[in-house]
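Working notes for the structure below.
Quick caveat, the model's predicted, so the values are computed rather than measured. What's counted below: heavy atoms across the whole structure, side chains too, no hydrogens, waters or symmetry copies. Counting starts at 1 for both ligands and their atoms, following the listed order.
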Amino acid sequence: MQYQYLQQVKDTLEPMKPLIETTRGFMPTAEGAALAYALLNCQLDLKLPAVEIGSYMGLSTLYLGAAARKSNRKLISIDHHHGSEENQAGWEHHDPSIVDYVSNNIDTLYAFRRTMNLADLERTVIIVVSDSKIFSSIFQCEIGFLFIDGGHGEIQANSDFESWTPKITSGGLLAIHDVFENPKLGGRPPYELYLRALQMNYREVISEGSLRVMRKN
Ligand code: MG
């Protein structure tokens with residue numbers, strides 16, 4: 001389905017258009033639109049927050065934040081903001097312009113916060129600067145929606161899955177990015193998480209590019 005052409009999705013994403021076009025990140029339009037559609041149609045208690053793991057500079061957060069704002073839900077966006085393994089120097093997705101010259105670490109927090117401010121999402125998106133597992137250990141609420149797009153290495157991806165999926169309420173949604181069936185197109189861990197969810201009590205509801213969304217029974 002072409003979610004970006006649905007009126008509901010178009011209306012929701014319209015105010016974000018200029019920012020979506022200029023924010024750096026790894027979220028194709030069709031997949032971002034599908035993500036927004038999934039959150040818009042989540043239909044669970046609005047007190048149940050949505051959670052995003054992996055904010056980077058906020059491109060996917062623009063899609064999710066727009067949907068959260070439209071449906072009056074809060075989105076918690078978690079990232080340590082030091083970049084994933086694949087963003088570090090010498091790796092494919094490294095961007096030297098986001099390395100802090102004093103600490104010599106990647107630091108995406110400033111860019112992310114600026115994106116949220118320009119998008120007028122500061123009352124919708126709760127920014128959490130933390131390792132996702134550490135934060136999960138003290139976060140004891142149920143959640144309605146989980147988007148996993150943090151570190152794509154095996155250890156980090158599995159840790160995100162194990163620490164956050166138990167918090168998804170019955171009927172809630174689990175979205176995973178960068179799911180590639182063909183190993184030539186991308187790394188294995190997100191695909192393995194997807195298979196793992198299907199073997200549990202999750203049923204696929206959306207497949208768009210490398211985005212998969214599943215509903216928990
Ligand atoms: Mg991704």
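The Mg ion (ligand 1) is closest to atom OD2 of D178 (considering only N, O or S atoms). Looking at D149, its N, O or S atom nearest to the Mg ion (ligand 1) turns out to be OD1. Summary: ND1 is the N/O/S atom of H177 found nearest to the Mg ion (ligand 1).
Within the structure, the side-chain hydrogen bond (donor to acceptor under 3.5 Å, both in side chains) test picks out the following pairs touching residues 123-134 (sequence neighbours left out): S132-D160. Sorted by first then second residue, the side-chain hydrogen bond (donor to acceptor under 3.5 Å, both in side chains) pairs that include residues 42-58, not counting sequence neighbours, are E52-S60, E52-T61, E52-S77, S55-S77.
With hydrogens and angles left out, the side-chain atoms of E31 and S210 include a donor and acceptor closer than 3.5 Å. No donor-acceptor contact under 3.5 angstrom links the side chains of Q4 and Y37, judged on distance only.
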